[in-house]
*Asks:* 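First, the structure itself, so that you have it in front of you.
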2 protein chains.
Amino acid sequence: MKSYFKAPKVSGAVIKRLPMYYRFLFSLYNNHVERISSRELSHMMGITSSQLRQDLSHFGEFGQQGYGYRVDELLKIISDILGITNHYTGVIIGAGNIGRAILTYPGFIQRGFMVMGIFDNDPKKIGQTARDLYIKPMDELPQFLQEEHIDIGIIVTPAKSAQIAADVLVENGVKGIWNFAPTDLKIADNVIVENMYLGDSLLELFYKIKERSESE
Amino acid sequence: MKSYFKAPKVSGAVIKRLPMYYRFLFSLYNNHVERISSRELSHMMGITSSQLRQDLSHFGEFGQQGYGYRVDELLKIISDILGITNHYTGVIIGAGNIGRAILTYPGFIQRGFMVMGIFDNDPKKIGQTARDLYIKPMDELPQFLQEEHIDIGIIVTPAKSAQIAADVLVENGVKGIWNFAPTDLKIADNVIVENMYLGDSLLELFYKIKERSESE
DNA sequence: TAGATTGTTAATCGATTAACAATC
DNA sequence: TAGATTGTTAATCGATTAACAATC
């Protein structure tokens with residue numbers, strides 16, 4: 001079995017499928033499935049078995065001819081590849097509804113992610129609790145980021161405050177930003193930005209609905 | 001100018017970029033920019049001008065040699081292509097934090113989308129208000145969907161209730177489902193499903209952070 | 001062992017980019 | 001008009017799929 005700890009050069013298309021592999025393997029594991037073939041797994045996911053095997057081959061050899069893959073083993077490997085086992089930490093910037101919703105998102109624990117703080121600059125919100133955290137004022141953010149060695153900043157502010165928040169996050173050493181604000185952030189390219197543009201997703205749905213109704 | 005009302009056969013890669021074109025054009029329009037060339041616009045978006053022109057050419061001819069594109073015209077066209085001008089309606093299933101957050105998402109109005117109702121089956125939530133709506137019980141959902149001719153159901157329930165909600169939505173005529181629950185829905189394929197898997201997006205961010213730190 | 005299934009190579013398919021004639 | 005920029009064709013690049021020898 002080759003090591004999967006070296007950084008291989010992997011295309012964006014493959015990277016986008018890794019979380020899906022994780023999701024399906026996690027579910028199989030929870031259902032006490034011991035082994036699975038590329039044929040079965042790919043069929044569940046709606047892709048070809050060639051693609052599944054090709055994707056995995058970027059990281060190593062994890063299966064066995066004539067047998068398939070051990071679910072627990074492959075889940076562990078995909079988790080390592082994704083960095084789940086690094087136990088990243090984060091803070092949430094913005095204590096509105098989305099901020100609070102994200103704070104309690106159950107998928108985080110499963111993925112080894114821990115939100116350590118939530119910040120806002122609305123005096124009415126500061127000092128309130130959300131989950132088990134006090135909402136802190138923005139001017140305490142820099143110190144908090146450094147002392148707690150926060151990896152990821154989650155931006156759920158209105159669009160106009162997002163860039164300011166991003167700048168503070170980057171200046172104080174976060175490695176990545178998960179951005180829910182509907183705006184393009186300007187960020188030094190040693191920091192990774194992942195955008196969650198709700199509007200874009202909704203418009204894609206619109207387009208497909210329209211396309212479908214036109215083809216009838 | 002060719003018509004863009006015929007349903008052309010357009011690849012998923014192109015469809016995914018359409019909302020981005022909308023976003024940038026909307027911003028230019030708000031900043032009172034009158035015209036833009038494919039070179040300038042593509043540069044802003046971080047793609048090639050070839051790709052931009054190639055993408056638009058699937059739908060018609062909207063530019064002018066030696067001039068470029070009129071921003072207002074192109075914005076209108078992209079809006080029509082995406083179906084924004086259809087003024088779709090929706091309901092939210094699940095009145096937790098995410099449900100309430102989505103209800104007040106400012107991007108909806110801009111995109112011609114109107115949330116007409118919000119439903120939950122928690123007796124404590126039913127009857128409360130969210131935005132200007134009373135939270136309704138799930139057993140009123142079928143009638144509501146039919147009477148109001150709802151186009152889109154937004155699922156923000158826990159994973160275990162999502163499939164039940166989806167079934168009710170489909171039985172009562174929605175054309176699309178926007179799913180925030182971390183589960184794969186089984187849906188008749190005349191209904192479009194768009195999944196917002198927060199967990200997948202976060203894991204993609206993890207991967208890129210890990211990859212970046214390994215390449216140093 | 002025989003059957004099953006992997007990992008990989010080669011072939012195919014599709015998407016992106018380059019280049020340029022057409023033309024405003 | 002001359003310069004700029006489109007829409008489109010052709011070339012390139014990359015991703016997906018098919019096929020199969022290797023082997024458990």
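In what follows, chains carry the letters A, B, and so on, assigned in the order in which the sequence lines appear, proteins first and then strands, with residues in each chain numbered from 1.
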*Asks:* Using the ring of each side chain (for Trp, its six-membered ring), is A:Phe206 parallel, tilted or perpendicular to B:Phe113, with breaks at 30° and 60°?
*Replies:*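 Aromatic pair A:Phe206/B:Phe113 classed tilted.
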
*Asks:* Would you say A:Tyr69 reaches D:dC24's phosphate, i.e. side-chain N/O to OP1/OP2 under 4.0 Å?
*Replies:*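 The answer is no; no side-chain N or O of A:Tyr69 sits under 4.0 Å from OP1 or OP2.
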
*Asks:* Looking at side-chain heavy atoms only, is the closest gap between B:Lys175 and B:Ile152 below 4.5 Å?
*Replies:*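 They are not in contact (no side-chain heavy atoms under 4.5 Å apart), so the answer is no.
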
*Asks:* Grab the NE2-C1' distance between A:His43 and C:dT5 for me, whole Å please.
*Replies:*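 Between C1' of C:dT5 and NE2 of A:His43: 17 Å.
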
*Asks:* With a 4.0 Å cut-off, would you call B:Arg23 and A:Asp184 a salt bridge?
*Replies:*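 Yes.
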
*Asks:* Ignoring backbone atoms, test whether A:Arg70 places a side-chain nitrogen or oxygen under 4.0 Å from the OP1 or OP2 oxygen of C:dT5.
*Replies:*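 A:Arg70 to C:dT5 OP1/OP2: no side-chain N or O under 4.0 Å.
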
*Asks:* Centre of B:Tyr69's six-membered ring, under 6.0 Å away, within 45 degrees of the axis: is that where NZ or CZ of B:Arg35 sits?
*Replies:*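 Checked: cation-pi criterion not met.
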
*Asks:* Between D:dT6 atom P and B:Tyr67 atom OH, what is the distance in whole Å?
*Replies:*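 Whole-Å distance recorded here is 11 Å.
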
*Asks:* Tell me the interatomic distance from A:Leu56, atom CG, to C:dT6, atom P, rounded to whole angstroms.
*Replies:*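 Going from A:Leu56 (CG) to C:dT6 (P), I get 10 Å.
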
*Asks:* Within this structure, what is the CG-CZ distance for the pair B:Asn97 and A:Arg100, rounded to the nearest 0.5 Å?
*Replies:*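 Answer rounded to 0.5 Å: 7.0 Å.
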
*Asks:* Give the nucleotide from the list D:dG7, C:dT6, C:dT8 with an atom nearest to the side chain of A:Glu61.
*Replies:*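 Nearest nucleotide to the side chain: C:dT8.
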
*Asks:* Nearest of C:dA15, C:dT5, D:dT6 to any side-chain atom of A:Arg35?
*Replies:*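 Nearest listed nucleotide: C:dT5.
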
*Asks:* Let me know the distance between CD of A:Gln64 and C1' of D:dA22, rounded to the nearest Å.
*Replies:*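 From A:Gln64 CD to D:dA22 C1': 13 Å.
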
*Asks:* What verdict does the side-chain contact (heavy atoms from CB on, under 4.5 Å) test give for A:Leu18 and B:Leu203, after you've listed the backbone C-alpha separation in whole Å, the side-chain angles of each residue and the deciding distance to 0.1 Å?
*Replies:* CA-CA 8 Å; A:Leu18 292 175; B:Leu203 290 183; over 6 Å; no

*Asks:* For DNA chain D, what is the dot-bracket line, given that a base pair needs Watson-Crick (N1 to N3, plus N6-O4 or O6-N4) or G-U wobble (N1-O2 and O6-N3) geometry with both distances under 3.5 Å, and | means paired with another strand?
*Replies:* ..||||||||||||||||||||||

*Asks:* Nearest-nucleotide wise, let me know which of B:Glu40 and A:Ala13 is further upstream toward the 5' end of DNA chain D.
*Replies:*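 First, find each residue's nearest nucleotide; the 5'-ward one identifies B:Glu40.
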
*Asks:* Quickly work out the A:His58 NE2 to D:dG14 C1' distance and round it to whole Å.
*Replies:*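 Checked: the NE2 to C1' distance equals 11 Å.
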
*Asks:* What are the residues of residues 46-54 of chain A, sorted by number, that bring a heavy atom to within less than 4.0 Å of DNA chain C?
*Replies:*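 Nucleic-acid contacts, sorted: A:Arg53, A:Gln54.
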
*Asks:* Ion pair present between B:Asp72 and B:Lys76, side-chain N to carboxylate O less than 4.0 angstrom?
*Replies:*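 A salt bridge is absent here (no side-chain N lies under 4.0 Å from a carboxylate O).
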
*Asks:* From the list C:dA22, C:dG7, C:dT6, which nucleotide is the closest neighbour of the side chain of B:Gln65?
*Replies:*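 Comparing C:dA22, C:dG7, C:dT6 against the side chain of B:Gln65, the answer is C:dA22.
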
*Asks:* Within this structure, what is the CG-to-C1' distance between A:Asp55 and D:dT17, rounded to whole angstrom?
*Replies:*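 Atom CG in A:Asp55 sits about 12 Å away from atom C1' in D:dT17.
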
*Asks:* To the nearest Å, how far apart are B:Leu41 CG and D:dA4 P?
*Replies:*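 Taking atom P of D:dA4 as the reference, CG of B:Leu41 is at 19 Å.
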
*Asks:* Would you please indicate if the ring centroids of B:Phe26 and B:Tyr29 are separated by under 6.0 Å?
*Replies:*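 No, the ring of B:Phe26 stays outside the 6.0 Å limit from the ring of B:Tyr29, centre to centre.
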
*Asks:* Rounded to whole Å, how long is the line connecting atom NZ of A:Lys16 with atom C1' of D:dG14?
*Replies:*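 Rounded to whole Å, this separation is 16 Å.
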
*Asks:* Is the ring centre of B:Phe180 less than 6.0 Å from the ring centre of B:Tyr197?
*Replies:*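 No - the distance between ring centres of B:Phe180 and B:Tyr197 does not fall below the 6.0 Å cut-off.
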
